[in-house]
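First comes the structure, then the notes that go with it.
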Amino acid sequence: MKAPWDLLELRTRYYEQVIQAMLLSIGVPLERLRFIRGTEYQLSKEYTLDVYRLSSVVTQHDAKKAGAEVVKQVEHPLLSGLLYPGLQALDEEYLKVDAQFGGVDQRKIFTFAEKYLPALGYTKRIHLMNPMVPGLTGGKMSSSEEESKIDLLDSPADVKKKLKKAFCEPGNIENNGVLSFTRHVLFPLKSEFVVLRDEKYGGNKTYTDFETLEKDFAEELVHPGDLKASVEKALNKLLDPIREKFATPEMRKLSNGAYPDPSKQKSVSKGPVKNSAPEELDPSLLDLRVGKVLTVSRHPDADSLYVQSVDVGEENPRSVVSGLVKYVSADELLGRSVVLLCNLKPQKMRGVESQGMLMCASMEGENKQVEPLDPPAESAPGERVFVEGHEQGQPEPELKPKKKVFEKLQVDFRISNDLCAQWKEKNIRTKLGPVTCKTLKGGSIS
């Protein structure tokens with residue numbers, strides 16, 4: 001439902017062409033390559049009946065767990081997200097494939113397929129996975145974050161601009177997207193990589209394995225500027241044949257039709273439009289701060305609630321009521337640094353006023369798990385917590401309950417695979433670093 005059917009038709013044609021061009025650019029023969037659209041078999045009577053058969057044996061717990069890394073995890077998930085892993089599993093049978101290949105974020109769906117296809121009498125398939133390359137901005141590579149990725153049709157100027165902005169701290173080999181490109185893209189194709197350097201800095205150096213390049217970068221024997229320039233040259237050499245194919249009028253028309261330039265779309269008339277999409281809310285509207293729990297006690301009238309006194313950098317601590325009794329001991333909370341949402345309208349919870357919400361990660365299931373979010377060590381009470389790229393916005397003094405600002409933003413909060421709290425795949429952080437969670441990968445945040 002992310003795009004209308006006519007646009008999907010253009011995009012399938014576009015992907016056929018761009019995948020062929022990509023494979024040809026690295027010398028892969030195409031004689032045995034076939035493209036199949038899902039609608040060629042997914043609308044058949046047989047496929048539909050198998051969807052029903054599968055739904056009669058799959059538990060909600062297994063369906064949600066299978067999609068944990070590829071489907072947004074929210075407290076009340078849509079049925080479509082629960083069906084998704086089963087549909088992907090059935091695709092293996094209806095495509096009659098020997099194996100399915102994907103990133104490691106697909107592993108839970110692959111495990112799901114290995115368990116449930118035999119339950120329907122179908123053969124268990126082989127599953128192959130490759131690593132997820134970090135984005136150029138230091139976090140996860142995201143299709144919605146333009147600066148985090150190199151597109152196959154990026155111009156040389158685009159490649160230069162993105163690499164120039166890329167996170168590549170001297171000596172830092174963690175979440176280094178530029179270094180990862182050499183490991184997962186360039187070395188496997190060419191078996192060697194040349195770092196281009198001025199003669200006064202020792203001249204060019206050829207590496208025949210990634211480990212030596214990584215070691216030299218960690219020891220700051222390779223400068224980030226030289227690494228970026230070398231990756232830029234190597235990437236452009238790979239991309240040139242793809243650009244050449246898409247330089248024809250026919251391919252340009254297809255590319256522009258499949259992915260029209262948003263800046264050239266017709267402007268929307270002023271004033272409210274019936275059935276128009278809701279306005280994009282900015283996460284900076286939320287007043288998120290680092291807090292320190294000073295005291296913890298049981299609610300006098302509710303066994304499942306704590307009453308906490310939390311320092312958020314104001315003259316007096318705030319009283320916060322939370323439903324954490326079943327999940328976190330009082331001793332674990334006392335003295336702990338937490339993240340507090342401070343601009344909710346204060347409300348009474350069983351007679352005790354709560355002046356904020358303690359932000360936690362959670363995983364639903366038979367044994368629900370909840371963990372408070374952890375700000376970076378040494379964070380001070382009252383320090384601002386923000387979403388990367390949204391630092392400049394100002395929080396509302398008080399969120400209006402009727403507008404449901406937090407509820408609308410909350411659906412895009414989740415815990416990443418590296419246990420960072422994120423909104424739309426952008427890290428939630430303080431000036432000292434990312435906000436994290438101890439164990440609940442893929443969990444929702446509320």
Side-chain angles (χ1 to χ4, degrees), residues 1-2 38 42 47 50-95 97 99-132 139-143 323-324 326-328 359-374 410-425 428 436-446:
M1 302 305 292
K2 292 181 179 179
Q42 289 167 343
Y47 187 89
D50 270 345
V51 172
Y52 289 143
R53 289 175 63 208
L54 193 60
S55 68
S56 72
V57 295
V58 174
T59 64
Q60 183 207 25
H61 171 269
D62 283 3
K64 188 170 184 180
K65 181 181 178 182
E69 295 185 46
V70 293
V71 177
K72 286 180 183 176
Q73 299 299 292
V74 295
E75 189 172 356
H76 302 292
L78 294 175
L79 185 58
S80 58
L82 298 175
L83 287 172
Y84 182 88
L87 303 182
Q88 186 168 327
L90 284 175
D91 287 347
E92 294 183 346
E93 172 62 25
Y94 280 80
L95 289 167
V97 296
Q100 184 178 174
F101 169 69
V104 292
D105 60 339
Q106 300 284 320
R107 61 186 180 273
K108 291 181 180 178
I109 291 183
F110 290 171
T111 301
F112 175 97
E114 290 180 11
K115 176 180 179 179
Y116 282 108
L117 278 189
L120 299 186
Y122 296 138
T123 304
K124 181 166 66 174
R125 264 63 180 195
I126 298 165
H127 293 109
L128 309 169
M129 290 173 281
N130 65 349
M132 302 295 287
K140 182 180 177 182
M141 190 180 295
S142 169
S143 60
L324 294 175
K326 290 195 296 184
Y327 309 105
V328 185
M359 302 298 289
C360 296
S362 64
M363 289 288 282
E364 298 293 327
E366 295 172 8
N367 297 305
K368 182 177 179 180
Q369 297 173 272
V370 179
E371 294 178 5
L373 297 183
D374 294 315
Q410 187 263 339
V411 297
D412 291 306
F413 282 117
R414 70 185 298 260
I415 302 298
S416 69
N417 292 334
D418 54 358
L419 295 173
C420 290
Q422 295 185 332
W423 180 79
K424 289 192 174 180
E425 301 181 335
I428 300 169
T436 59
C437 165
K438 286 186 171 55
T439 65
L440 301 184
K441 291 181 181 181
S444 58
I445 300 174
S446 57

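Below, all heavy atoms of this structure are taken into account, side chains as well, without hydrogens, waters or symmetry copies. Treat the numbers as computed from the prediction; the structure is a model and nothing was measured.
S416 places none of its side-chain heavy atoms less than 4.5 Å from the side chain of E425. The closest side-chain heavy-atom distance from I126 to F101 is not below 4.5 Å. Contact of the L373 side chain with the I415 side chain is registered, since non-hydrogen atoms from C-beta on lie closer than 4.5 Å. The shortest side-chain heavy-atom distance between L419 and K441 falls under the 4.5 Å cut-off. With contacts defined as side-chain heavy-atom distances shorter than 4.5 Å, the pair R107/E69 qualifies. Using a 4.5 Å heavy-atom threshold, the side chains of V51 and L87 count as touching. The shortest distance between side-chain heavy atoms of E92 and V97 falls below 4.5 Å.
Salt bridge E93/R125: present, at least one basic N to carboxylate O contact under 4.0 Å.
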Stepwise salt bridge (Lys or Arg N to Asp or Glu O under 4.0 Å) check, K65 with D62: CA-CA 5 Å; K65 181 181 178 182; D62 283 3; over 6 Å; no
From CA spacing to verdict: side chain to side chain donor-acceptor pair (under 3.5 Å), Q100, Q106: CA-CA 10 Å; Q100 184 178 174; Q106 300 284 320; over 6 Å; no
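The heavy-atom pair separating Y122 from R53 by the smallest distance is OH-NH1, 3.8 Å. A68 and K108 make their closest contact through CB-NZ, 3.9 Å (heavy atoms, listed as atom of the first residue, atom of the second, distance). In this structure, K124 and P118 approach most closely via the heavy-atom pair CB-CG, 4.1 Å. Taking both residues in full, the closest heavy atoms of L120 and L54 are given as CD1-CD1, 3.9 Å, listed atom of the first, atom of the second, then distance. For R414 against G442, the heavy-atom pair with the smallest separation is NH2-CA, 3.4 Å. Taking every heavy atom of both residues into account, F110 and L128 meet most closely at CE1-O, 3.7 Å.
The backbone N or O of P372 sits nowhere less than 3.5 Å from a side-chain atom of Y327 that would complete a donor-acceptor pair. E371 contributes a side-chain N or O that, together with a main-chain N or O of T439, makes up a donor-acceptor pair within less than 3.5 Å. Side chain of Q410 to main chain of I445: a donor-acceptor pair is present (N/O by atom type, distance under 3.5 Å, no hydrogens or angles).
Rounded to the nearest 0.5 Å, atoms CG (L90) and OH (Y116) are 13.0 Å apart. The CD atom of Q422 sits 11.5 Å away from atom CG of D412, with the distance rounded to the nearest 0.5 Å. Rounded to the nearest 0.5 Å, atoms CG (D50) and OG (S55) are 10.5 Å apart.
Residue-environment remark: CD (Q60) stays at or below the threshold of 12 foreign heavy atoms within 6.0 Å.
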